[in-house]
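Some notes on the structure that comes next.
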Amino acid sequence: NGGRYMKKSVGLMGMIGGGLCLSLEIYMLRVLQGLDKAAGSWLNSAWRYAGSGPCLAALILTVLIIIASAAIFAVGKDE
C-alpha cells in the first residue's frame with residue numbers, strides 16, 4: 001500500500017510547487033507593468049495584465065494544478 005503514501009507526497013509537492021509558481025506569476029505581473037512603464041504605456045493595475053491571454057492561461061493552469069494536487073493529497077493516506 002505504498003502507493004497511497006506516495007500519492008499524498010505527490011499531492012503535497014504539487015501544492016507547494018503550485019503555490020510557488022502562483023506567487024512568482026503574481027510578482028511577474030508587477031515586473032510586466034514596470035517594463036511597460038519604461039516603454040511609455042502601461043495599464044494602471046498589475047491585475048489588468050492577468051486578463052491578457054498568456055498571463056490568464058498561466059494563472060488558470062497553476063490554479064488547476066493546485067486544485068488537482070489538493071485532491072490527490074486528500075485521497076492519500078496518512079503515514
Original post:
Side-chain heavy atoms under 4.5 angstrom apart, residues restricted to Ile, Leu, Val, Met, Phe, Trp, Tyr: same cluster for Ile67 and Ile16?
Top reply: no

Can you see which heavy atom on [X] is nearest to which on [Y], and at what distance?
X	Y	result
Lys8	Phe73	O-CD1, 3.3 Å
Thr62	Cys21	CG2-CB, 4.1 Å
Ser69	Met15	CB-N, 3.5 Å
Ser45	Tyr49	O-CD1, 3.7 Å
Leu43	Arg48	CD1-CB, 3.7 Å

Taking the side chain as C-beta and beyond, is there a heavy-atom pair between [X] and [Y] under 4.5 Å?
X	Y	answer
Leu59	Leu22	yes
Leu56	Ile60	yes
Trp42	Leu32	no

**OP:** Examine distances only and state if a side-chain atom of Gln33 and a backbone atom of Asn44 form a donor-acceptor pair shorter than 3.5 Å.
**Re:** yes

**OP:** Could you grab the distance from atom CZ of Arg30 to atom CG of Leu35, nearest 0.5 Å is fine?
**Re:** 12.5 Å

